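In this text the structure is predicted, and so the values were computed from the model without any measurement.
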Amino acid sequence: MFISNLKIKEEHYRWWALGVTIIGSFMSILDTSIVNIAIPKMMAVFSVGTDDAQWILTAYMLTMGVIQPATGYLCEAYGTRRMYLLSLAIFTAGSFLCGIAWSNDSMIIFRVMQAIGGGLIIPVTMTIVYKVFPIEQRNMAMGVWGISAMVAPAIGPTLSGYLVEYWDWRLIFTINIPIGLIGYAVAALVLREMPFSRDQKFDGAGFITSALGLFCLLLALSKGTEEGWTSAYITALFYVSLASLILFIFIELNHENPILDLRIFKDWNFTFSMITTFIGTMGLYGAIFLVPLFMENLRGYTAMQTGVLLFPSAATAGLLMPIAAKLADRFGAKPVVVSGIFLLGIGTMPLMYINMDTSYEYVMGIMVLRGLGLGLFMMPVTVMGMANIPLANVSRASSINNALRQVSGSMGIAILTTVIQNRQIFHLSHIAENITMNSLTVQNMLTTEQKMFMHLGDTAWIAHIKSLALMSTMALRQSSIFSFDDAFFVLSLLCLVGVIPAMLLKSVKAHKGSTTVVIE
């Protein structure tokens with residue numbers, strides 16, 4: 001007898017549905033970070049340069065950003081169960097095709113297909129969780145669901161590094177196939193369809209303008225550092241994005257059935273929860289971007305070692321989420337959210353002082369402290385924002401939530417990359433000003449280094465050239481360290497700024513068995 005034919009009690013069905021949807025959301029989020037480590041291998045296999053290979057990552061990100069706004073309409077018009085099964089099937093098929101890709105172009109095409117499924121999965125699963133759980137259980141449900149959102153991005157580089165180094169790089173895609181097939185089979189047996197109406201009119205103009213606006217914005221953010229923020233290409237992308245999004249807002253506010261109901265932002269808690277989430281997501285992905293870059297490029301650690309470094313932080317955040325849900329239920333979500341994002345900012349500040357001598361264990365400890373902050377606030381702030389949204393609008397609200405997360409992650413990385421590049425130039429210039437041949441310290445260093453090279457068999461002239469080159473390398477490395485310290489300062493400041501919108505959230509109380517909340 002199949003599970004779907006069993007008369008599962010409602011309270012049991014909720015947890016079955018949650019477990020099923022976690023499978024899909026985990027795989028989708030995992031694939032945003034698991035591919036990065038394998039890019040050099042793909043470049044060699046497909047015989048392409050960095051610019052071409054980077055589109056394997058960029059295509060996935062852009063497609064996810066473009067498809068997510070349509071999720072609300074698709075759920076309401078075709079049903080959440082049907083959309084979850086379809087998105088999981090597309091994602092699994094895309095993973096299979098990526099695993100057999102024969103060229104860089106074919107890989108990009110299949111990654112787009114994979115991202116269509118992946119982009120739909122996250123808002124669909126969030127909608128399912130919100131609709132099957134009563135208000136008094138949503139904190140706990142989202143805490144459990146959020147484990148995948150925290151753990152997946154951090155273990156991606158570790159798992160990818162292991163598979164690329166010891167097995168086959170294609171496994172980073174094909175590993176999704178058995179999991180996807182099992183997840184699909186269980187979901188088909190367990191999930192129940194929710195009410196939907198095919199009378200919904202598709203907002204084509206809203207979809208086109210949102211897709212164009214988000215596509216250009218995400219592309220500009222991902223390519224801005226490479227092309228130059230003031231270049232004609234990036235400037236044009238920003239202008240097209242701005243014009244498209246302004247037109248999109250006008251269309252949505254005057255459409256009978258908008259693809260994204262922007263009137264939801266009239267809800268105080270939804271607006272400030274989105275601002276808090278936007279800032280917190282920059283804090284999450286900012287550190288996942290900066291720490292591996294510092295540890296691998298400057299400290300010489302392997303991708304595997306860096307992945308192991310990040311894992312305790314992700315595990316801490318994941319394990320703390322159900323605890324944060326209990327705390328939110330007992331003391332209210334607002335103090336938990338404020339404490340969490342404040343701890344995230346304070347926990348980021350020690351990274352401002354890391355250098356070549358900072359121990360591996362110390363950096364791991366700092367990341368665990370950040371994990372505590374992330375685990376405390378990430379899911380409770382989402383629950384607070386969605387608490388007063390009518391069930392009929394939940395799918396569209398979750399689409400807005402995930403689209404903003406996509407933009408904020410890209411924006412955070414773009415800001416920090418720009419900070420590193422600009423501050424490295426500044427610090428290198430400052431260091432160069434203080435390195436003069438008249439300086440006794442510089443003369444002593446050059447003499448010591450020259451003697452070392454001559455001891456190794458070089459002539460006096462070659463030893464002198466090598467000494468100057470070594471000093472130049474040291475200056476460049478030191479300027480890089482300073483630039484990372486500055487980037488971590490900006491990151492910690494961003495996180496602390498998130499305390500302001502978190503403080504403006506209004507406390508909510510859920511009444512057991514009710515679909516309404518009281519805002520105080």
Candidate pair Thr80 and Arg192, rule side chain to side chain donor-acceptor pair (under 3.5 Å), full reasoning: CA-CA 9 Å; Thr80 52; Arg192 303 169 185 170; over 6 Å; no

Shortest non-hydrogen separation from Pro501 to Ile279 and the atoms involved: CG-CD1, 4.2 Å

Student check: side-chain heavy atoms of Ser210 and Pro69 closer than 4.5 Å: yes

Ile23 side, atom CD1; Ile179 side, atom CD1 - distance, nearest 0.5 Å: 8.5 Å

Separation of Ile67 CD1 from Gln406 CD (nearest 0.5 Å): 12.0 Å

Mutual orientation of the aromatic rings belonging to Tyr360 and Tyr301 [parallel < 30°, tilted 30-60°, perpendicular > 60°]: tilted

Donor-acceptor pair between Gln114 and Ser95 side chains, under 3.5 angstrom: yes

Reported CG-to-CH2 distance for the pair Leu221 and Trp229, which is rounded to 0.5 angstrom: 5.5 Å

Spatial distance of atom CG (Leu120) from atom CG (Leu86) [nearest 0.5 Å]: 7.5 Å

Trace of the side chain to side chain contact (heavy atoms under 4.5 Å, CB included) decision for Met140 with Phe133: CA-CA 10 Å; Met140 178 58 68; Phe133 280 91; over 6 Å; no

Any Asp31 side-chain heavy atom under 4.5 Å of Phe91 side chain: yes

Under 3.5 Å: donor-acceptor pair, side chain of Tyr233, backbone of Gly228: no

More than 12 heavy atoms from other groups under 6.0 Å of NZ on Lys41: no

Main-chain N/O of Leu171 paired with Asp168 side-chain donor or acceptor, under 3.5 Å: no

For Arg370, all residues meeting salt bridge (Lys or Arg N to Asp or Glu O under 4.0 Å), sequence neighbours excluded: none

Single hit among Val337, Val336, Ile323 for side chain to side chain contact (heavy atoms under 4.5 Å, CB included) with Leu376: Val336

Test item: Leu245 and Thr209 side chains (from C-beta on) under 4.5 Å apart, heavy atoms: no

Tyr73 six-ring centre to Arg396 NZ/CZ under 6.0 Å and within 45° of normal: no

Glu193 side chain to Arg81 backbone, donor-acceptor under 3.5 Å: yes

Working for side chain to side chain contact (heavy atoms under 4.5 Å, CB included), residues Val66 and Thr63: CA-CA 5 Å; Val66 166; Thr63 305; 5.8 Å; no

Ile128 vs Met194, side chain to side chain contact (heavy atoms under 4.5 Å, CB included): CA-CA, chis, key distance, verdict: CA-CA 9 Å; Ile128 291 173; Met194 298 176 187; 4.2 Å; yes

Crowding at CH2, Trp167 (>12 non-hydrogen neighbours, <6.0 Å): no

Between Tyr130 and Trp145, ring centroids under 6.0 Å: no

Side-chain (Thr271) to main-chain (Phe265) donor-acceptor, under 3.5 angstrom: yes

Backbone N/O of Lys201 and side chain of Asn257: donor-acceptor pair under 3.5 Å: yes

Phe289-Tyr285 aromatic ring centre distance below 6.0 Å: no

CA sep, side-chain torsions, deciding dist, call: Thr281, Leu404, side chain to side chain contact (heavy atoms under 4.5 Å, CB included): CA-CA 9 Å; Thr281 304; Leu404 284 177; over 6 Å; no

Donor-acceptor contact below 3.5 Å, side chain Ser28 vs main chain Ser25: no

Non-hydrogen side-chain atoms of Leu293 and Phe484 separated by less than 4.5 Å: yes

Test item: Ile208 and Phe248 side chains (from C-beta on) under 4.5 Å apart, heavy atoms: no

Test item: Glu252 side-chain N/O and Leu260 main-chain N/O as donor-acceptor pair under 3.5 Å: yes

Nearest non-hydrogen partners of Ile251 and Ala205, listed with the distance: CD1-CB, 3.9 Å

Contact check, side chains of Thr71 and Met83, non-hydrogen atoms, under 4.5 Å: no

Heavy-atom closest contact (Ala187 atom, Leu85 atom, distance): CB-CD2, 3.7 Å

Cation-pi, Trp55 ring and Lys223 (6.0 angstrom, 45 degrees): yes

Check: Ser480 main-chain N/O paired with Ser483 side-chain donor or acceptor under 3.5 Å: yes

Check: Phe173 ring centroid to Phe96 ring centroid under 6.0 Å: no

Side chain Ser273, main chain Phe270, donor-acceptor under 3.5 Å: yes

Under 3.5 Å: donor-acceptor pair, side chain of Arg82, backbone of Tyr78: yes

Min side-chain heavy-atom separation Thr348-Leu351 under 4.5 Å: yes

Pair Ser398, Thr127: side-chain N/O donor-acceptor within cut-off below 3.5 Å: yes

Residue pair Tyr60 / Ile56, side-chain heavy-atom distance below 4.5 Å: no

